[in-house]
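These notes concern the structure reproduced below.
From a predicted model like this one, the values you see are computed outputs, not experimental measurements.
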Amino acid sequence: FQSPLTKTKKLIGDAGIAFTNAFVASPLCCPSRASILTGKYPHNHHVINNTLEGNCSSKVWQKSEEAQTFPALLKTYAGYQTFFAGKYLNQEKNSKYYNYTLSVNGKPEEHGADYSKDYLTDVLANRSLDFLQYKSNYQPFFMMVSIPAPHSPWTAAPQYQNSFNDTKAPRDPNFNVHGKDKHWLIRQAKTPMSNSSVQFLDDAFRKRWRTLLSVDDLVEKIVKRLEVSVELDNTYIFFTSDNGYHTGQFSLPLDKRQLYEFDIRVPLMVRGPNIKPNQTSQMLVSNVDLGPTILDIAGYNVNKTQMDGMSFLPEGKMNSSSWRTDILVEYEGEGSNVTDPACPLLGPGVSECFPDCVCEDSYNNTYACVRTVAPSANLQYCEFDDNEVFVEVYNVTADPYQLTNIAKTIDQEVLEKMNHRLMMLQSCSGQSCRTPGVYDPRYKFDPRQMFTSHSWRLSRLRQ
């Protein structure tokens with residue numbers, strides 16, 4: 001099996017535990033990063049997309065949420081030295097590999113196009129190594145290295161420019177097929193894709209992998225440095241991502257933002273004290289759990305926070321029957337108020353459009369899903385906030401590539417329970433986000449609590 005992250009897998013995954021059911025609370029950079037930092041679902045941290053209007057890195061966010069992020073709590077209340085390098089939220093324009101400006105403790109630092117001193121992934125690696133070298137040995141540390149790679153423009157380091165020349169995007173069963181029973185945004189994708197679209201996405205896939213080879217080097221450098229300073233065995237290391245990505249599935253050329261497994265699933269590997277090597281866990285983990293887990297490791301009482309997630313370490317919690325069976329995924333689509341001149345037939349309200357007028361987002365690509373992983377069910381239930389209140393349901397065990405939407409054939413009682421559970425999760429906060437799900441033996445369903453209408457609105461997100 002080819003992979004650009006072989007050293008990362010060996011040094012973190014094989015040396016610890018790999019989670020096979022790790023998901024994001026929202027399949028887009030800024031809302032997802034906000035969920036990592038706050039331990040909250042988007043309806044509670046109010047970052048709904050990558051724009052300032054969508055509360056990404058806004059003054060409101062800085063005032064209301066930033067001081068309660070888990071790194072801030074580690075620093076203020078747990079006596080940690082903290083260090084951050086890389087892409088924070090999205091208003092910091094920083095997905096460029098050369099010719100960018102870094103903010104170094106608030107001071108701008110210009111970078112040019114010389115590989116030896118400006119290639120962003122390597123700059124982040126060197127800054128991280130400097131922190132490890134010069135930090136105090138008398139207090140614990142927390143370091144977060146948030147590497148933009150493999151984000152576009154996909155500029156590889158010179159030594160990796162010819163790697164993976166024969167690699168193509170995976171040709172899974174959902175590659176280049178029409179999503180016939182899906183939301184209109186998926187149905188509008190042209191199938192089969194043009195040869196130029198397929199070439200473009202294969203090329204993008206290769207370029208993305210090439211940028212990850214430098215990330216793999218960065219991981220190796222950091223692990224080696226911790227080994228040399230005899231701190232490795234006393235340090236937890238987490239490796240994950242802020243969203244998935246698609247290249248050609250359901251004939252969507254490339255992007256994220258969709259509700260399917262390829263956009264909401266992420267890698268998650270953890271090594272550290274008392275974590276035995278070569279483990280895999282099927283426990284259902286969301287990125288809202290990262291903050292609570294790290295605070296728990298640091299000995300900070302997570303119940304004192306407003307976090308929606310739960311700690312999945314120390315290990316006693318793993319494989320325990322009391323672990324949750326479902327999580328929430330939510331996204332608010334972005335669309336332009338004016339018609340794209342290249343695509344007049346689509347009208348206003350779409351965005352991220354390709355030359356052949358296949359658009360990857362629209363303002364009514366706004367949805368919320370309950371993702372269930374339980375011994376008796378592996379299910380996804382989603383509702384769209386659009387005129388049809390479109391519903392998509394997938395049995396991921398029987399249909400891992402989500403080819404068939406079973407919303408019209410599934411048992412009505414299951415639909416009602418899932419609709420009820422979704423509305424509950426969409427208004428949850430803190431402890432109420434961790435109540436038993438539909439497939440948990442402790443779940444209680446009271447039809448009298450059912451809402452009269454199936455439709456739901458995202459007014460909470462917009463407050």
_Neighbour count >12 (heavy atoms, 6.0 Å) for atom CG, Asn195_ = no
_Counting neighbours of NZ on Lys7 that are heavy atoms of other residues, nucleotides or ligands and sit closer than 6.0 Å, is the number greater than 12?_
yes
_Please check this pair: side chain of Arg265 against backbone of Gly244, looking for a donor-acceptor N/O pair closer than 3.5 Å._
no
*cation_pi(Arg421, Tyr381) dist<6.0 Å, angle<=45*: no
*Evaluate side-chain hydrogen bond (donor to acceptor under 3.5 Å, both in side chains) for Asn287 paired with Arg33, printing each intermediate quantity in order.*
CA-CA 9 Å; Asn287 63 351; Arg33 286 161 183 274; over 6 Å; no
*Under the salt bridge (Lys or Arg N to Asp or Glu O under 4.0 Å) test, which residues partner Asp202, sequence neighbours left out?*
Arg171
*Do Tyr115 and Gln159 have side-chain atoms, one donor and one acceptor, less than 3.5 Å apart?*
yes
*asked:* Using side-chain heavy atoms (C-beta onward) and a distance below 4.5 Å, is Ser214 in contact with Asp122?
replied: yes
*asked:* side-chain hydrogen bond (donor to acceptor under 3.5 Å, both in side chains), that's the test. Do Trp154 and Asp203 meet it? Break it down for me.
replied: CA-CA 10 Å; Trp154 316 310; Asp203 191 42; over 6 Å; no
_In the structure I gave you, are the side-chain heavy atoms of Val198 and Lys168 within less than 4.5 Å of one another anywhere?_
no
*Are any non-hydrogen side-chain atoms of Phe390 and Asn405 less than 4.5 angstrom apart?*
yes
*Does a side-chain heavy-atom distance below 4.5 Å link Leu290 with Leu268?*
yes
*Mutual orientation of the aromatic rings belonging to Tyr100 and His111 [parallel < 30°, tilted 30-60°, perpendicular > 60°]*: parallel
*Would a distance-only check, ignoring hydrogens and angles, find a side-chain to backbone donor-acceptor pair under 3.5 Å from Thr38 to Thr69?*
no
*Yes or no on ring pair (Phe, Tyr, Trp, His ring centres under 6.0 Å) for Tyr119 and Tyr98, after CA distance, side-chain angles and deciding distance?*
CA-CA 6 Å; Tyr119 187 66; Tyr98 295 110; 5.5 Å; yes
*Is the Lys NZ or Arg CZ of Lys135 less than 6.0 Å from the centre of Phe83's six-membered ring, within 45° of the axis?*
no
*Please determine which of Asp440, Asp308, Asp289 meets the salt bridge (charged side-chain N to carboxylate O under 4.0 Å, His left out) test together with Arg324.*
Asp289
_Test salt bridge (charged side-chain N to carboxylate O under 4.0 Å, His left out) applied to Arg257 and Glu332, Glu334, Glu330, the passing residue_ = Glu334
_Result of checking Thr8, Ile17, Leu11 against Met269 for side chain to side chain contact (heavy atoms under 4.5 Å, CB included)_ = Thr8
*Is there a side-chain contact between Gln282 and Val373 (heavy atoms, below 4.5 Å)?*
no
*Apply side-chain contact (heavy atoms from CB on, under 4.5 Å) to the pair Thr51 and Cys56, showing each step before the final yes or no.*
CA-CA 6 Å; Thr51 63; Cys56 180; 5.9 Å; no
*Backbone N or O of His246 within a donor-acceptor pair of the Gln249 side chain at under 3.5 Å?*
no
*Would you find a donor on one side and an acceptor on the other, under 3.5 Å apart, between the side chain of Asp399 and the backbone of Leu403?*
yes
_Over 60° means perpendicular and under 30° means parallel, so tell me whether Phe84 and Tyr88 are parallel, tilted or perpendicular._
perpendicular
*asked:* Quick check on side chain to side chain donor-acceptor pair (under 3.5 Å): which of Glu65, His45, Gln306, His46 does Lys40 satisfy it with?
replied: Glu65
_Step-by-step side-chain hydrogen bond (donor to acceptor under 3.5 Å, both in side chains) determination, Asp216 to Tyr160_ = CA-CA 12 Å; Asp216 207 33; Tyr160 295 136; over 6 Å; no
*Do Gln402 and Gln380 have side chains that get closer than 4.5 Å, going by heavy atoms?*
yes
*Taking the side chain as C-beta and beyond, is there a heavy-atom pair between Lys224 and Lys221 under 4.5 Å?*
no
*Any side-chain heavy-atom pair of Tyr439 and Val414 under 4.5 Å*: yes
*So Tyr367 and Tyr331, would you call those rings parallel, tilted or perpendicular, with 30° and 60° as cut-offs?*
tilted
_Can you confirm whether Asn165 is buried at CG, in the sense that more than 12 heavy atoms of other residues, nucleotides or ligands lie under 6.0 Å from that atom?_
yes
*Measure the distance from the SG of Cys343 to the SG of Cys353 and say whether it is below 2.5 Å.*
no
_Arg371 with Glu261: basic N within carboxylate O range, under 4.0 Å_ = yes
*Pairwise distance OG(Ser311) to CD1(Ile297) - rounded to 0.5 angstrom*: 7.0 Å
*Test Asp361 against Asn365 for side-chain hydrogen bond (donor to acceptor under 3.5 Å, both in side chains), laying out the working first.*
CA-CA 6 Å; Asp361 206 5; Asn365 180 38; 2.9 Å; yes
*Answer yes or no: are there more than 12 heavy-atom neighbours, outside Lys190 itself, under 6.0 Å from its atom NZ?*
yes
*Given His183, which of Phe384, Phe250, Tyr260 fulfils the ring-ring contact (aromatic ring centres under 6.0 Å, His included) condition?*
Phe384
